[in-house]
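What follows is a short report on a single structure.
We name chains A, B, ... by the order of the sequence lines, and we start the count at 1 in each one.
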Amino acid sequence: MNNADVAAAMNEIAELLELKGESTFRIRAYENAARTLGNLPEDIRTVSEEGRLRDIKGVGEALALKITELLETGHLKYLDALRAEFPAGVRTLMTVPGVGPSLARRVYAELGIDSLDGLRQAARDGTLATLPGLGEKSAENVLRALGRVKKRENRISIGRAIPLVEEFMAALAPSASIHELTPGGSVRRWSPTVGDVDLLATSGEPDAAMDAFVSLPTVAQVLGQGPTKSSIITDGGLQVDLRIVPEGEYGSLLQHFTGSKQHNIELREYALARGLSLNEYGITDQATGNVRHFADEVSFYHALGLEWMPPELREGTGEIEAARTHRLPRLITVEDIRGDLHVHSTWSDGTASIEEMAVAARDLGYEYIALTDHSAGIGVANGLSIERLQEQIALVGRLNDELEGITVLTGTEMEIKRNGDLDFPDEILAQLDWVIASIHSGFNQSQEQITARVVRAIQNPNVDCIAHPTGRLVGKREPYAVDLEAVFRAAAETGTVLEINSAPERLDLVDAHARRAIDLGVTLVVNTDAHAPVHFTNIRFGVAMARRGWAQSSDVLNSRDLAAVRSRLKRALPSP
DNA sequence: GCCGTTTTCGGCCCGACTGTTTTCAGTCG
């Protein structure tokens, strides 16, 4: 029973309460708790044992009792009772876009349907259209929507979303009817995954702009079209919404549709307490009814007495209070990055030579890279033996004599083996400039085993860095069961650096973890794990995760120059 | 069900679009 399990139970309760038609506020309380628990960097069991459940925002007396019961017994009577009211299939009906709790409840209660197949049948044979308030069109829409049932896998990584968004921007930009155009929502916040894309525009002729939008060649289906909002599905299955307001209201439009939902809820509660009501068109003084409009976001936030917040911070995790009290972090930027400390070459599983990688990095303006080919223990990636590693060290020495304008550090991405042993002996590691240790095997080990492996590597005086510390693959593989809190504490104590891996399929550490690590005094490094020169551009995704983790340049090792990096290495530090 | 520089009770963000309705509920973000 870990944080994700407890969060899942809270979410299931929320969905079942929706089916029952319970108070939306009670439902929201469970959803809030689920979201908070899902992002909680600490192990919920520790929090519970130390009697601090009530300190978690959104957890009151009732939820604390339920969480405790869940942790102690593995079950929750309240949830079991709710489950008994609806067959499991009824909940899956709500995964159909357009089918909410009300329709799912009625379909079950009045037609006895409790599966997607049953719903499809009823939509086809006309049964569904017989329900009061529904007609032919509703049945057609349900039938079509059954083809795009909401699944977690339907969210795409930010790495896939950004190029698609750029294509849309390019296709719409030539239109005379569209003036300003910016992506909003999870794309603008650089969320690790994106469910749909919001494009935000100003236009003098919104109808013409919407016509142009829904007529784009990539559009497979038009979900809706109006003067301020239109929605389409691309042939790739991605939903894209276009929102349009007049020029003078662009600031509030951007703010509103950048979200997040939680940020907006908190911002509006903050505004309401000051007699102001917010929407996408402006700020309304509730006493006078006067509406003020804003052409840009900065003036919108200033009108509320708040500093402008970078979109990456807008997740409802304390950013509004920080903006009010002028305590926002000065977030790291891509321009701050001076080198990449996780780079592969053809010596292991990369596609370019050491020199090609070094030259590509230099062309980006970097001062240094660390060559970190895999060690032999990984088995599959052409890992280096001790003999090949020593050949490589010698070659890098010669390369550094020849190369102008960039320094290649010798290094390794060394496997932490299943039994916790490291792949190279200490006397070999001591010859390297930079040592990364990481896990590519034994993902299913217990939390105790995996944590012990990582902590043991951290405690090795020759290990500088742990790469992709949770091993997760976005939308494909859950993190292994490592106790991150223990890892962060060990890393802080020993001066071991933890990586934010920028590869779009990894993004590991992710935002909330990075933030917790920083709070505990850990130094981070943002690397691309480049296996080809083109991968260096992925740095923007890793920097985005760092920004979402409230990281400043001082928190990130490779924002420093080479001399500062060298002096920060573990072997250069006094013993803890 | 949570929460408190109005409150321990009475609030809880806000609006667009659709389909089926003669004024609105449901769904979504």
> Given atom CD of A:E266 and atom P of B:dC12, what is their separation to the nearest angstrom?
Replying inline: 16 Å
> For A:R105 and B:dA25, what is the distance between atoms CZ and P respectively, to the nearest whole Å?
Replying inline: 14 Å
>> Nearest heavy atom decides the nucleotide; on that basis, is A:S230 or A:L272 closer to the 5' end of DNA chain B?
In response: A:L272
>> When the P atoms of B:dT21 and B:dG26 are compared, how many Å lie between them, rounded to an integer?
In response: 14 Å
> When you measure from the side chain of A:N141, which nucleotide among B:dC17, B:dG15, B:dT18 comes out closest?
Replying inline: B:dT18
> What distance, rounded to whole Å, do you find between the two C1' atoms, one in B:dT20 and one in B:dA25?
Replying inline: 10 Å
> Looking at residues at least two apart in the chain, or sitting in another chain, which of them share a side chain to side chain donor-acceptor pair (under 3.5 Å) with A:T470?
Replying inline: A:D508
>> Check this one for me: any side-chain N or O of A:S138 less than 4.0 Å away from OP1 or OP2 of B:dT20?
In response: yes
> Whole Å only: how far is the CG atom of A:L253 from the C1' atom of B:dC14?
Replying inline: 14 Å
> Expressed in whole Å, how much space separates the C1' atoms belonging to B:dC12 and B:dC17?
Replying inline: 25 Å
>> In whole Å, I'd like the distance from the CE atom of A:M210 to the C1' atom of B:dA16.
In response: 11 Å
> Which whole number of Å gives the distance between the C1' atom of B:dG10 and that of B:dT6?
Replying inline: 12 Å
> Any luck finding a side-chain donor-acceptor pair between A:S260 and A:R314 under 3.5 Å?
Replying inline: no
>> Looking at A:Y270, I'd like to know whether one of its side-chain N or O atoms comes within less than 4.0 Å of OP1 or OP2 on B:dC12.
In response: no
> Quick one: side-chain hydrogen bond (donor to acceptor under 3.5 Å, both in side chains) pairs with a partner in residues 200-214 of chain A, sequence neighbours left out?
Replying inline: A:D211-A:Q225
>> Using heavy-atom distances to pick each residue's nearest nucleotide on DNA chain B, tell me which of A:L223 and A:S23 is more 5'.
In response: A:S23
> With distance as the sole criterion, is a donor-acceptor pair present between the side chains of A:T127 and A:D125 under 3.5 Å?
Replying inline: yes
> Just checking, any donor-acceptor pair under 3.5 angstrom between side chains of A:H263 and A:E315?
Replying inline: no
> With rounding to whole Å, what would you report as the distance between B:dC3 and B:dT8 at their C1' atoms?
Replying inline: 9 Å
> If you measure from OH on A:Y108 to CG on A:L19, what distance do you get to the nearest 0.5 Å?
Replying inline: 10.5 Å
>> Using 0.5 Å steps for rounding, measure from the CZ atom of A:R83 to the CG atom of A:L76.
In response: 8.5 Å
>> Whole angstroms only, please: what is the CG-C1' distance between A:D55 and B:dC3?
In response: 15 Å
Quick test: give all pairs of protein nitrogen or oxygen and nucleotides 27-29 of chain B nitrogen or oxygen below 3.5 Å, distance rounded to 0.1 Å.
| from | atom 1 | to | atom 2 | distance (Å) |
| --- | --- | --- | --- | --- |
| B:dT27 | OP1 | A:G100 | N | 2.8 |
| B:dT27 | OP1 | A:G100 | O | 3.3 |
| B:dT27 | OP1 | A:L103 | N | 3.0 |
| B:dT27 | OP2 | A:S102 | N | 3.1 |
| B:dT27 | O5' | A:G100 | N | 3.4 |
| B:dC28 | OP1 | A:G98 | N | 2.6 |
| B:dC28 | OP1 | A:K150 | NZ | 3.4 |

>> Measuring only the C1' atom in each nucleotide, how far is B:dG19 from B:dT23? A whole number of Å is fine.
In response: 13 Å
> Can you check the A:F25 CZ to B:dC2 C1' distance for me, whole Å?
Replying inline: 12 Å
>> Testing the 3.5 Å rule here: is there a donor-acceptor pair between the side chains of A:Q239 and A:D241?
In response: yes
> Just how far, in rounded Å, is C1' of B:dG26 from CD1 of A:I27?
Replying inline: 14 Å
>> Any base atoms under 4.0 Å from A:E136, or only sugar-phosphate, or nothing? Heavy atoms, all strands.
In response: sugar-phosphate
>> Does the structure show a Watson-Crick or G-U wobble partner for B:dC3, both distances under 3.5 Å? Name it, or say none.
In response: B:dG10
> With respect to the side chain of A:E280, which nucleotide from B:dC14, B:dG1, B:dA16 is positioned closest?
Replying inline: B:dA16
>> Under 4.0 Å, counting only non-hydrogen atoms across every strand here, what does A:S277 touch: a base, just sugar-phosphate, or nothing?
In response: sugar-phosphate
> To the side chain of A:R26, which of B:dG19, B:dA16, B:dG1 is closest?
Replying inline: B:dG1
> Of all the nucleotides listed (B:dC14, B:dC17, B:dA16), which has the minimum atom distance to the side chain of A:Y281?
Replying inline: B:dA16
>> Ignoring hydrogens and geometry beyond distance, is a side-chain donor-acceptor pair present between A:E307 and A:Y301 at under 3.5 Å?
In response: no
>> Rounded to whole Å, please give me the gap between CG in A:L134 and C1' in B:dG26.
In response: 10 Å
> According to a strict under-4.0 Å criterion, is A:N264 in side-chain N/O contact with OP1 or OP2 of B:dC14?
Replying inline: no
